[in-house]
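Here's the structure we're looking at; comments come further down.
Within every chain, numbering begins at 1; the chains are lettered A, B, ... in the order of the sequence lines, protein sequences first and strands thereafter.
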Number of protein chains: 2
Amino acid sequence: MHGEVAPGQALTLRGIGKEFGVSMTPAREAVRRLVAEGALFLSSSGRVSTPELTHDRIEELAALRALLEVELASRALPRAHMALIERLQTINGTVAEAVVKRDAVGYIRSNLEFHRTLYLRAQAPAILAIAETVWLQLGPTMRALYGKLRRTEPPHYHKLIIAALKAGDEPGLRLAVRSDVTQGLKLLIR
Amino acid sequence: MHGEVAPGQALTLRGIGKEFGVSMTPAREAVRRLVAEGALFLSSSGRVSTPELTHDRIEELAALRALLEVELASRALPRAHMALIERLQTINGTVAEAVVKRDAVGYIRSNLEFHRTLYLRAQAPAILAIAETVWLQLGPTMRALYGKLRRTEPPHYHKLIIAALKAGDEPGLRLAVRSDVTQGLKLLIR
DNA sequence: GATCGCAATTTGTGATCACATACGCAAATG
DNA sequence: CATTTGCGTATGTGATCACAAATTGCGATC
């Protein structure tokens, strides 16, 4: 999810088991779960690897993020108090740090934490769970995306999200979230 | 997914293995996958059962169906030719048969086939896959829903969906799909 | 008659094994 | 030098086992 593994990276059950000090059995169960969630790709011969997403697939996942996260933000809006907004601003500071340090994993991780913190307020665990499986599927690709970004400042749309939350502006919030989750991925589908 | 198992039904690895003539290992992997997809509930002690959904959870899953399936239908619309519409009408006949026979599983199965047939035209496998995991989560609950329905004719909204497809009427299609997937579930969340 | 406690049994977990298959590398061939 | 063939090895699969934990059912007790 955090882009620690590159797209197309192959994994073996024995390798995973050795890495975490367990036998093949728990490694198999973990791998099967991640395959079911779309986070790993299972070849016809049973080999597993992180997925290499096609442009079409990235477009779909971007559309899914937009659909799901706009809904989550909209549900969170009426419950977003000042304490939450302050927390979001703090996390946004962490995002900025990762940007200046050019820390891809740290950037992805704190960026997702920003979103998750907001969406937790939506009190919609089923929707959030599905949004997180989408993040999982995009993880390796997001790392590749970061390499193409030549950014030096934290994401502009995060500020728009916070402003819309403060103002209680639902249309503005929906637009800001849609733009934020769509913007980056657009770089990858051309 | 088709409501063959009632909500809250307990399952054991050895029982599943015996039922399908395999050892515990494949049963474990299948169960773990279904748990990951939300189709089965895993208790803290490791026992698995079909989920008993709360009203809040049903409301969320209904909202998810609306979000995802409206998008899928919208994407399918420009590709929906006459052959597809005729196929949908045929399936709708199967739905009607299941209704008169009071066959819950047959009704759920053919109803979902109606939707899947339409959505396959959307050429959006990632979105469809997620919609299907939502169906999976609702399976046992849909069976309970069917018991509360005193219906004697096929779903009205399917006809509206077909009419909107014929007319190329996207707003009408979106409304018809949203109504169709929401209507039934509403009975359960009160 | 209801509740509590204990024991027998069921159940999930992690490990290991045998086996079939697929992969990768190197040698051979054109 | 490129392509193919063949072999050794790595890898996934399904089965089985030992063990710990939890559930169940029965009997005792109040």
TODO: Rounded to the nearest angstrom, tell me the gap between atom CD in E19(A) and atom P in dT11(D).
DONE: 14 Å

- [ ] For T50(A) and L40(A), indicate whether the former's side chain and the latter's backbone hold a donor-acceptor pair under 3.5 Å.
- [x] no

- [ ] Answer with base, sugar-phosphate or nothing: what part of the nucleic acid does V48(A) contact at a heavy-atom distance below 4.0 Å?
- [x] nothing

Task: Stretch residues 25-33 of chain A: residues that reach within less than 4.0 Å of DNA chain D through a heavy atom - done: R28(A), R32(A)

- [ ] Would you please classify the geometry between the H115(B) ring and the W135(B) ring as parallel, tilted or perpendicular, with 30° and 60° separating the classes?
- [x] perpendicular

TODO: Answer whether the closest heavy-atom distance between the side chains of V177(A) and Y119(A) falls below 4.5 Å.
DONE: yes

TODO: Take the protein atom CZ of R14(B) and the nucleotide atom C1' of dA22(D), then report the distance between them rounded to whole Å.
DONE: 13 Å

Open item on the list: Whether the side chain of S179(B) engages the backbone of L175(B) through a donor-acceptor N/O pair (distance < 3.5 Å, no angle test) should be reported.
Closed with: yes

Task: Heavy-atom closest contact (P26(A) atom, V22(A) atom, distance) - done: CG-CB, 4.0 Å

Task: Residues L53(A), L61(A); criterion side-chain contact (heavy atoms from CB on, under 4.5 Å); working and verdict - done: CA-CA 10 Å; L53(A) 303 182; L61(A) 293 172; 3.7 Å; yes

Open item on the list: On DNA chain C, compare the nucleotides closest to S45(B) and S43(A); which residue's is nearer the 5' end?
Closed with: S45(B)

Task: Within 6.0 Å of CZ in R33(A), more than 12 heavy atoms from elsewhere - done: no

Open item on the list: Classify L11(A) by what it touches in the nucleic acid, base, sugar-phosphate, or nothing, heavy-atom distance under 4.0 Å.
Closed with: sugar-phosphate

Task: Interface limits on DNA chain C, where chain B has a heavy atom under 4.0 Å of a nucleotide atom - done: dT11(C) to dG14(C)

Open item on the list: Donor-acceptor check, side chain of E60(B) to backbone of I127(A), threshold 3.5 angstrom: yes or no?
Closed with: yes

